[in-house]
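As structure tokens, the structure follows; a few thoughts come after it.
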Amino acid sequence: RLRKWQVRARAQNSMERNLAQAVIELERLGAQLGLPKAVLDRALEIYRSALNSNLVRGRSIESVMAAAVYAACREMRLPRTLDEIALYTRAGRKDVARCYRLLLREASIKVPLPNAADFVPRIGSLLRLSGATIKRAMEIIDQARNAGLTAGKDPAGLAAAAIYIAAIQNGEMRTQKEVARAAKVTEVTVRNRYKELVKRLDIKLPITKK
Amino acid sequence: MIKIAKQPTYEIQNVVASVTLNQRLDLEKIAERIPHAEYSPEQFPGLVLRLPRPKTATLIFSSGKMVCTGAKSEAEVQKAVKSIIKLLKAHGIDIKNEPIIEVQNIVASANLRGTVDLERAAFLLENSMYEPEQFPGLIYRMSDPKVVLLIFSSGKVVCTGAKKEEEVRRAVDNIHKLLKEQGVLFEEP
DNA sequence: GCTTTAAAAAGTAACAT
DNA sequence: ATGTTACTTTTTAAAGC
């Protein structure tokens with residue numbers, strides 16, 4: 001019986017040690033990404049469930065915590081891409097992505113589908129655009145979804161294109177380069193999405209040629 | 001007018017097979033004698049032999065086991081393995097046993113002939129994963145046959161993990177039926 | 001777990017012209 | 001601004017680290 005108690009105590013200790021290290025990692029990530037406390041709390045909950053399901057065994061605490069933070073952001077509809085989070089992690093995007101998929105499948109974490117509109121406020125504020133323009137961009141995204149133009153597309157790219165169009169329509173024009181940088185996608189992606197939206201949604205733009 | 005139900009079409013794109021020769025092979029000797037053989041043991045233990053026809057790449061190991069990839073059919077696998085053995089023999093490598101060939105994986109592309117609402121499909125299908133931020137297709141794990149399907153909004157599908165062509169056919173028919181039942185496939189040929 | 005090989009799908013990216 | 005090449009996802013065996 002003593003043996004059983006020792007095994008249990010040892011397991012408990014290793015879990016506590018793991019969690020202590022995970023909290024340090026979480027605080028570091030939270031500070032670098034500037035995430036609100038509610039998201040960090042949720043990320044820790046997710047990490048705890050992963051730990052209790054033995055999903056951390058054989059994986060780095062860093063990768064699993066990064067995946068938990070990404071899952072928490074997604075749950076709470078915060079516009080953070082996986083690449084952004086992986087940037088602050090020693091492990092690469094590939095490893096964090098793998099841990100994230102593990103959380104979805106094995107820890108039965110449910111995450112809402114990414115919505116391009118969720119990215120609009122953040123990109124809009126980075127570009128110092130008006131509330132009206134942000135609202136217009138969200139309308140465009142809504143139209144795009146109804147027209148079936150969003151399937152398979154990167155939500156950040158769609159948000160960038162919608163903002164690019166909305167800004168022009170509201171006389172607050174930003175270049176494709178500026179929008180692309182704020183949305184963390186390439187100019188080519190902004191251009192491709194923008195062209196498709198204008199064509200398929202019959203969007204009329206003020207004479208902005210050249 | 002007679003309604004002709006548009007059946008999904010599919011095409012096998014890649015067949016991977018393992019081959020057992022039941023004899024050890026000297027990869028160094030093969031690499032020396034066959035100039036286009038690629039062999040870097042520090043990088044990978046297998047020697048790579050590419051055939052132009054059928055267009056395949058075969059990995060050869062010192063244990064006498066091989067992995068043939070790139071064939072478009074099981075018949076092409078047979079041809080490729082025969083060619084490899086003939087090539088080895090022509091370079092003085094003795095092959096005495098008949099190769100035991102086993103298909104390990106079949107990859108096929110398919111067309112459902114319609115568009116798919118991936119967002120709704122992701123909610124309705126239990127074993128699915130849809131992360132457009134990462135990959136444009138919806139990943140669906142089918143239990144019978146046990147294959148994985150990558151489904152795109154265009155109605156194009158990739159089926160992988162099958163070991164028999166029959167499994168590909170069933171998987172494509174199953175997903176076609178399933179998506180129709182769930183009302184997420186909009187057929188428009 | 002990684003290394004290597006092939007192949008499709010559609011999207012995004014990097015670098016060249 | 002367009003074109004090319006390349007990478008993302010999935011599957012599968014092989015021998016060894």
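This one's a predicted model, so the numbers in the text were calculated from it and none came from an experiment. Every chain is numbered from 1 and lettered A, B, ... according to where its sequence line falls, protein lines coming before strand lines.
Between B:Lys146 and A:Lys94, the residue whose closest nucleotide on DNA chain D is further toward the 5' end is A:Lys94. Between A:Thr186 and B:Gln13, the one whose closest nucleotide on DNA chain C sits nearer the 5' end is B:Gln13. Across the interface with DNA chain D, nearest-nucleotide mapping of B:Met129 and B:Gly64 shows B:Met129 to be the residue nearer the 5′ end. Comparing B:Gly137 and B:Phe61 by the nucleotide of DNA chain C whose heavy atom lies nearest to each, the residue mapping closer to the 5' end is B:Phe61.
Closest of all the heavy-atom pairs between A:Ala144 and A:Leu201 is N-CD1, 4.0 Å.
Nearest to the side chain of B:Thr160, among D:dT9, D:dT11, C:dA8, sits D:dT11. Listed nucleotides: C:dA7, C:dT12, D:dT12. Nearest to the side chain of B:Asn105: D:dT12. Nearest nucleotide to the side chain of B:Val148, out of C:dA6, D:dA15, D:dT10: D:dT10. Of the candidate nucleotides D:dT11, C:dT5, C:dA13, D:dT11 has the atom lying nearest to any side-chain atom of B:Arg141. Among D:dT10, C:dT5, D:dA15, the nucleotide with an atom closest to any side-chain atom of B:Ile139 is D:dT10. Taking only side-chain atoms of B:Pro45, from C-beta outward, the nucleotide of D:dT9, D:dA15, C:dA7 with the closest atom is D:dA15. Distances were taken from every side-chain heavy atom of B:Val16 (C-beta onward) to each of D:dA13, D:dT2, C:dT4; the shortest belongs to D:dA13. Which of D:dT12, C:dG1, D:dT9 sits closest to the side chain of A:Arg98 comes down to C:dG1. Nearest nucleotide to the B:Val158 side chain, out of D:dA1, C:dA9, C:dA6: C:dA9. Closest approach to the B:Val67 side chain among C:dA9, C:dG11, D:dA14 is made by D:dA14 (side chain taken as heavy atoms from C-beta onward).
Across all strands, B:Arg50 comes closer than 4.0 Å only to sugar-phosphate atoms, never to a base (heavy-atom distances). Contacts of A:Val185 with the nucleic acid, taken as non-hydrogen atoms under 4.0 Å apart, involve only primed sugar atoms and P, OP1 or OP2.
C:dC2 and D:dT8: their P atoms are spaced 12 Å apart (whole Å).
A side-chain donor-acceptor contact under 3.5 Å links B:Arg33 to the backbone of B:His91.
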